[in-house]
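Residue numbers start at 1 and run along the sequence shown. Just so you know, these numbers use all the heavy atoms, side chains as well, and skip hydrogens, waters and symmetry mates.
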Amino acid sequence: MIAFVTGPVAALAPTTAVVEVGGVGMSVQCTPDTIATLRIGQEARLHTSLVVREDSLTLYGFADDDARQVFEMLQTASGVGPRLAQAMLAVHTPDALRAAVASGDEKALTAVPGIGKKGAQKLLLELKDRLGAPLGTARPAPAGAPGWRDQLHAALVGLGYAAREADDAVDAVAPQAEAAGGEPQIGSLLKAALQTLNRAR
């Protein structure tokens, strides 16, 4: 079991980070929220879950251990594999998932690609006693922390886009960020920005 990997980030893609560990590049599948916190050349520590299949070994990485634990817990529900569990964490934070399950919020689960109405109802039943109550660990950004524009711009440049392309993409998702109010989720903005850039190319 590989519990975590630590090392400089060698490469980034929309859903994958390569972390150099002892001279070996470890390819780690990550959510956009996690990718947004990484920078090429900078040291990173990712909490990981190794998924073993007959024909593959896939490492999934998370910014903190809580997300890793929720990822593994989600897979105890029937019909939930690692890809769907990761999709759920790409759309919702661990605490948002706990809150959705605790309150029976079907709509929150159907917001995840791949989960329909019946699937959401089934998941609410299966996960109710497993995920537990929300921890209330979401903290406001500390004073002086980079705003969403800076974080998003840095994430796009880290993925290999030119600074001007990143500027245009940040401007394109600004209405979505402002509609969210407060401090918007960088992961969802990154996905929207990438869609904008893909359309422009």
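Residues in residues 101-110 take part in these side chain to side chain donor-acceptor pair (under 3.5 Å) pairs, two or more places apart or across chains: E106-K117, E106-Q121. For residues 64-95, the set of pairs meeting the ring pair (Phe, Tyr, Trp, His ring centres under 6.0 Å) definition, not counting sequence neighbours, comprises Y60-F71, F62-F71.
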Does Q176 form a side chain to side chain contact (heavy atoms under 4.5 Å, CB included) with L189? I'd like the steps, not just the answer. CA-CA 8 Å; Q176 178 182 329; L189 291 179; 3.9 Å; yes

Go through L59 and M26 one step at a time and tell me if the side chain to side chain contact (heavy atoms under 4.5 Å, CB included) criterion holds. CA-CA 8 Å; L59 206 54; M26 305 283 279; 3.9 Å; yes

Salt bridge (Lys or Arg N to Asp or Glu O under 4.0 Å) between K191 and D33: does it pass, once the steps are laid out? CA-CA 9 Å; K191 277 186 281 189; D33 268 346; over 6 Å; no

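In terms of hydrophobic clustering, with Ile, Leu, Val, Met, Phe, Trp and Tyr side chains grouped at heavy-atom distances under 4.5 Å, V173 and L194 are assigned to a common cluster. Under the 4.5 Å side-chain heavy-atom criterion for Ile, Leu, Val, Met, Phe, Trp and Tyr, V52 and M73 are members of distinct hydrophobic clusters. In this structure, V5 is a member of the same hydrophobic cluster as L57, with clusters built from ILVMFWY side-chain heavy atoms closer than 4.5 Å. Under a hydrophobic-cluster definition in which Ile, Leu, Val, Met, Phe, Trp and Tyr are linked whenever side-chain heavy atoms come within less than 4.5 Å, directly or via other members, F4 and V28 are assigned to different clusters.
Checking H153 against D167 by side-chain atom types alone, a donor-acceptor pair falls below 3.5 Å.
A 4.5 Å side-chain heavy-atom check between C30 and L46 finds at least one atom pair inside the cut-off. In this structure, P14 and I35 have side chains that are not in contact, with every pair of non-hydrogen atoms separated by 4.5 Å or more. Looking at heavy atoms from C-beta onward, R83 lies out of side-chain contact with V51 at the 4.5 angstrom threshold. D66 has its side chain within reach of R98: a pair of non-hydrogen atoms, C-beta onward, lies under 4.5 Å apart. Inter-residue side-chain proximity for L97 and V70 is flagged as met; some heavy-atom pair is nearer than 4.5 Å.
Nearest heavy-atom pair across L38 and A44 is CD2-CB, 3.7 Å. Nearest heavy-atom pair across M88 and L74 is CE-CD2, 3.7 Å. Summarising the geometry of A85 relative to Q75, their closest heavy-atom pair is CB-CG, 3.9 Å, with the distance given to 0.1 Å. The minimum heavy-atom distance linking T48 with I2 is given by the pair OG1-O, 2.6 Å. Across L190 and P32, no two heavy atoms sit closer than the pair CD2-O, 3.7 Å. Nearest heavy atom pair, residue L12 against residue A17, reads CD2-CB, 3.7 Å.
Expressed to the nearest 0.5 Å, how far CG of D64 lies from CZ of R45 amounts to 12.0 Å. Atom CG of L123 and atom NZ of K128 lie 14.0 Å apart (nearest 0.5 Å). With values rounded to the nearest 0.5 angstrom, Q86 atom CD is found 8.0 Å from T34 atom OG1.
The closest donor-acceptor contact from the side chain of T16 to the backbone of A13 lies at 3.5 Å or more, if one exists at all. Using a distance-only test at 3.5 Å, with no hydrogens or angles considered, a donor-acceptor pair links the side chain of T196 to the main chain of A192. Listed for the E165 side chain is a donor-acceptor partner under 3.5 Å among the backbone atoms of A162.
When the side chain to side chain contact (heavy atoms under 4.5 Å, CB included) test is applied to E126, the partners found at least two apart in sequence or on another chain are A77, S78, K122, R130.
Partner S49 forms a side-chain hydrogen bond (donor to acceptor under 3.5 Å, both in side chains) with one of E72, Q69, Q29, R68 and no other, that one being E72.
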